[in-house]
*Asks:* 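This is the structure I have questions about; it appears just below.
Every chain is numbered from 1 and lettered A, B, ... according to where its sequence line falls, protein lines coming before strand lines.
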Amino acid sequence: MLAMDKFDQPYNPKETEDKIYQFWEKSGYFNPDKLPKRHKKPFCVMMAPPNITGHIHVGHALENALNDLITRRKRMQGYKALFLPGKDHAGIAGQYVVDRELRKQGSSRFELGREKFLEKMWQWMKEYGDSIDNELKKIGISCDWSRKRFTMDEDYQEAVRAAFDYYQKKGWIYKGKRMINWCSSCQTSISDLEVEYLEEKGKLWFIKYPLSNSPEFITVATTRPETMLGDAAVAVNPKDERYKNLIGKKAILPIQNREIPIVADDLVDKEFGTGAVKVTPAHDAVDFEIGQKHNLPSYEIIDKRGKMTRESKVCEGLTVKECREKVVSALREQNFLLKEEDYSHNVGVCERSKTVIEPMVSDQWFLSMKDLAAQAIRAARKNQIKFIPASRKQIFINWFKQVKDWNISRQLWWGHKVPVEGEGEVLDTWFSSALWPLATLGWPKKTRDLTTFFPTDIILSAREIFFLWIGRMVFSAMELTGKVPFKVIYTHATVLDSKGRKMSKSLGNTVDPLTLIDKYGADAVRFGLVWQVTGHQDVHWSEDPLIAGKKFCNKLWNASRFVLQQIGIPNSQFPISNKISNFKKLTKADKIILRELRKTIKEVDKNIEKFQFGQALQALYDFFWHEFCDVYLEASKAQLTDPKRKEQTRRILLHVLANSLKLLHPFTPFITEEIYSHLPIKDKTMLIVENWPK
RNA sequence: GGGCGGUUGGUUUAAUGGUAAAACGCUGCAUUCACACUGCAGAGAGCGCAGGUUCGAUUCCUGCACCGCCCACCA
């Protein structure tokens, strides 16, 4: 397919990669339906759909290099392999980025209106969606683009409605006033998993609440004095001897001068603060629970913009922060402030906007988790799903044991509309992602793809979306189809920066895969990433393995050149055989290289089966560089001058090279396909569909 | 607070119940015969700390420290 003289040039990844990718796409082999006849047994992996919020990062590159590695090997082994790509509309995150763009231009989504804003969203989706696809193609992944899905596709919306209906008929979906996490900047509720906790150096204020008809008082400790304006009670632990005689009595709430009861509840920790806690049912999750149990009134003193309401009386219109200052100074003046201590504690912020989360009571849709969680736990316990690493199994079970009902509604414009419900009320983006392995294959219709590829074989994901996504896919599929959605859950390493910190835009420590590909070539980047996957839960980012990858590609290229020169391309067509018995009168060097090749095949297979991708690659590296290049290639130089050995040495060179290329193909697909295309082998196919060595 | 992972040459990481391997970097030599993105030779760690098991531990156990990640309603 290439003019041979090209092969005399140094390896040029840029030129080769684009050309080879087109070559693959043209072949149709990414599509399992277009694979040769020998590919029968279905095999399926799904891409974790990237958010349409920006560009791919190094985590995507790693994850999909592994997805592709697995797929390519299975394809070569004769499976009818499908690697299904797609993207996620990313509800809150998606809306947030577009809104931010608008604000940069001095506009906003409110100014645009819902209709126009959604148009913008789709425009964004088109632009960024395509760009993400192209970025993924640069990595060389062999996914079937004809089956590409987006979580807001027409038929995907249908799947979402079908799932919602199903749960509703079961009676598991309900609407109610519950405590939720409210982001005043995104103007929506968010789930517990979307709240991020940051340590904050704050204060612990000790406030005296006078007892009714008594000169005495009870002291409460709080980090949020402003919420006292909405207090409905003081709570103590029933076993706390200090306060036993106060239970049932009344206290006077300072500033508001309202009488509130003193109640007893197990949720109160005797050891913390004074052992007495102020109860604000409308603005704290625990307090809400206590309020329910004791039938306390709920005073909503903070509104959805993060401002104090009329209910707060003295602070109406102030921000939470302003109100806090006002309340503290008022308490100080009126002698209700006993003391204040420095206190560092965790403050929940919106993972998207970093705005402090206001817990508040709101009318929201929920999905009851009781039966669904039980399903997921059962699947894990019965080992219907294999967890890699194995420790994930217990983590999975433990999370589902304590999971609360899922707040599935969001007050956004971008997303799946909640059936019945009006504008501006959409489903949590994860409600649709949870259906990914089903909806992408056509569910709820009984499509051919669904029967062929579902349940899928393996799912790869980052730790951070283990519950958010993986957990929810498990119970969704089990409930809706009665089957686990995948046989294996592989939680891959997180790529941290060289100092071991999480990569983030704000820290400025992110790595751009495209820059790396430009610098080293895609094969070298894949090599470098996979090299570092050795079974740990983290990878400390280093570019060194990528440099090694680049050098390795160069070595591969030059060794291949040598072999081809010896064989005398392009005239002869060697029928090469995998059977070593076809080689006779072997020299010591011949025997060693053939033995080492066999050992390496075993080693690579064993390690890939164990998900030890880095070790598999290292075995290949050592074999090719040291056994083949340093030893055998050198030995072959003498053998090639001996007329009695010449022919067989040529065949062995070609045999070992061809098999090395096959083994390396899932790791470094571009260069191996390119070199393979030059090998003078009878009846060969493209490397992507060649037989995996045995 | 709970869980998980890590702590090995300058750096990033392997392996292993009997005194440690690779990549990158470093030093010296070689070389226009596939490859300087090369070859050969070499320096460099006794494997976080403290106990224990063992004939023997970097490897197993216990505790501690530090780093990181995840989860959690401590006001």
*Asks:* How long is the line joining NZ of Lys401(A) and C1' of rG3(B), in whole Å?
*Replies:* 13 Å
*Asks:* Counting only Watson-Crick pairs (N1-N3 plus N6-O4 or O6-N4) and G-U wobbles (N1-O2, O6-N3), all under 3.5 Å, who is the partner of rG5(B)?
*Replies:* rC67(B)
*Asks:* Check whether any side-chain nitrogen or oxygen of His540(A) sits under 4.0 Å from OP1 or OP2 of rG68(B), and answer yes or no.
*Replies:* no
*Asks:* Answer with yes or no whether the side chains of Gln618(A) and Asn607(A) bring together a donor and an acceptor at under 3.5 Å.
*Replies:* no
*Asks:* Which nucleotide, if any, forms a Watson-Crick or G-U wobble pair with rA14(B), using both distances under 3.5 Å?
*Replies:* none
*Asks:* Taking CG from Leu529(A) and P from rU13(B), how many angstroms apart are they, rounded to a whole number?
*Replies:* 14 Å
*Asks:* Determine the Euclidean distance between corresponding C1' atoms of rA43(B) and rC61(B); express it in Å to zero decimal places.
*Replies:* 37 Å
*Asks:* Ignoring backbone atoms, establish whether Lys550(A) has a side-chain N or O less than 4.0 Å from OP1 or OP2 of rC35(B).
*Replies:* no
*Asks:* Watson-Crick or G-U wobble partner for rA20(B), using a 3.5 Å limit on both distances?
*Replies:* none
*Asks:* For the C1' atoms, the ones on rU8(B) and on rC67(B), what distance do you get once it is rounded to whole angstrom?
*Replies:* 16 Å
*Asks:* Using the P atom on both, measure rG44(B) against rG28(B) and round to a whole Å.
*Replies:* 16 Å
*Asks:* Take the protein atom CH2 of Trp541(A) and the nucleotide atom C1' of rG6(B), then report the distance between them rounded to whole Å.
*Replies:* 19 Å
*Asks:* Atom CG of Leu66(A) and atom CG of Leu69(A): how far apart are they, to the nearest 0.5 Å?
*Replies:* 6.5 Å
*Asks:* Closest nucleotide of RNA chain B for Lys555(A) versus for Asp544(A): which of these residues is on the 5' side?
*Replies:* Asp544(A)
*Asks:* In this structure, are over 12 heavy atoms from other groups packed under 6.0 Å from Lys321(A) atom NZ?
*Replies:* no
*Asks:* Check Asp284(A), Asp287(A), Asp231(A) against Lys278(A) for a salt bridge (Lys or Arg N to Asp or Glu O under 4.0 Å) and give me the one that passes.
*Replies:* Asp231(A)
*Asks:* Tell me: CG of Asn398(A) to P of rG2(B), nearest whole Å?
*Replies:* 14 Å
*Asks:* Determine the Euclidean distance between corresponding C1' atoms of rA45(B) and rA23(B); express it in Å to zero decimal places.
*Replies:* 16 Å
*Asks:* For rU27(B), give the paired nucleotide (Watson-Crick: N1-N3 plus N6-O4 or O6-N4; G-U: N1-O2 and O6-N3; both under 3.5 Å), or none.
*Replies:* rA41(B)
*Asks:* Suppose you measure atom C1' in rG9(B) against the same atom in rG25(B); what distance do you get, rounded to whole Å?
*Replies:* 12 Å
*Asks:* With P as the reference atom in both, quote the distance from rG48(B) to rA14(B) in angstrom, rounded to an integer.
*Replies:* 14 Å
*Asks:* Does NZ or CZ of Arg472(A) fall inside the cone over Trp406(A)'s six-membered ring, less than 6.0 Å from its centre and within 45° of the axis?
*Replies:* yes
*Asks:* Provide, to the nearest angstrom, the distance between the CZ atom belonging to Phe562(A) and the C1' atom belonging to rG39(B).
*Replies:* 14 Å
*Asks:* Calculate the interatomic distance between Leu564(A) atom CG and rC35(B) atom P; express it in whole Å.
*Replies:* 14 Å
*Asks:* Using both distances under 3.5 Å as the test, list the Watson-Crick or G-U wobble partner of rG56(B), or none.
*Replies:* none
*Asks:* Using atom P in both nucleotides, what's the gap between rU54(B) and rU59(B) to the nearest angstrom?
*Replies:* 16 Å
*Asks:* Could you check which nucleotide pairs with rA75(B) in any of the strands shown, counting Watson-Crick or G-U wobble with both distances under 3.5 Å?
*Replies:* none
*Asks:* When syn is taken as a glycosidic angle within 90 degrees of 0, is rG51(B) syn or anti?
*Replies:* anti
*Asks:* Hey, is the side chain of Lys637(A) poking within less than 4.0 Å of OP1 or OP2 on rA34(B), counting only N and O atoms?
*Replies:* yes
*Asks:* Please tell me if the side chains of Leu679(A) and Leu661(A) come closer than 4.5 Å, counting only heavy atoms from C-beta onward.
*Replies:* yes
*Asks:* Paired with rU62(B) by Watson-Crick or G-U wobble geometry, both distances under 3.5 Å: which nucleotide is it?
*Replies:* rA50(B)
*Asks:* In Å and rounded to the nearest 0.5 Å, what is the CG to OH distance from Leu664(A) to Tyr621(A)?
*Replies:* 12.0 Å
*Asks:* Think Lys551(A) has a side-chain N or O under 4.0 angstrom from the OP1 or OP2 of rG39(B)?
*Replies:* no
*Asks:* Between Tyr490(A) and His492(A), how do the two ring planes meet: parallel, tilted or perpendicular, split at 30° and 60°?
*Replies:* tilted
*Asks:* Between rG6(B) atom P and Asp497(A) atom CG, what is the distance in whole Å?
*Replies:* 19 Å
*Asks:* So that I can tick it off, tell me whether Lys550(A) and Glu543(A) are bridged by a salt bridge, with the cut-off set at under 4.0 angstrom between side-chain N and carboxylate O.
*Replies:* no
*Asks:* Round to a whole Å and report the spacing from CD1 of Ile675(A) to P of rA34(B).
*Replies:* 16 Å
*Asks:* Test side chain to side chain contact (heavy atoms under 4.5 Å, CB included) on Met369(A) and Phe475(A) and set out the steps.
*Replies:* CA-CA 9 Å; Met369(A) 291 301 296; Phe475(A) 69 67; 3.3 Å; yes
*Asks:* Taking atom NZ of Lys208(A) as the centre, report whether more than 12 heavy atoms of other residues, nucleotides or ligands fall under 6.0 Å from it.
*Replies:* yes
*Asks:* Using a 4.0 Å heavy-atom cut-off, write out nucleotides 69-75 of chain B from 5' to 3' as B (base contacted by protein), S (sugar-phosphate only) or - (no contact).
*Replies:* SSSBBBB
*Asks:* Any donor-acceptor pair under 3.5 Å between the side chain of Glu634(A) and the base of rA34(B)?
*Replies:* yes
*Asks:* Hey, can you pull the residues of residues 619-631 of chain A with a non-hydrogen atom under 4.0 angstrom from RNA chain B?
*Replies:* Tyr621(A), Trp625(A), Cys629(A), Asp630(A)
*Asks:* Could you work out the separation of rU38(B) and rC55(B) based on their P atoms and round it to a whole Å?
*Replies:* 50 Å
*Asks:* Counting only side-chain nitrogens and oxygens, does Gln394(A) get under 4.0 Å of the OP1 or OP2 atom of rG3(B)?
*Replies:* no
*Asks:* Considering only rC24(B), rA14(B), rA34(B), which nucleotide approaches the side chain of Thr534(A) most closely?
*Replies:* rA14(B)
*Asks:* Tell me whether Lys606(A) is salt-bridged to Glu609(A), with the criterion being a basic N under 4.0 Å from an acidic carboxylate O.
*Replies:* no
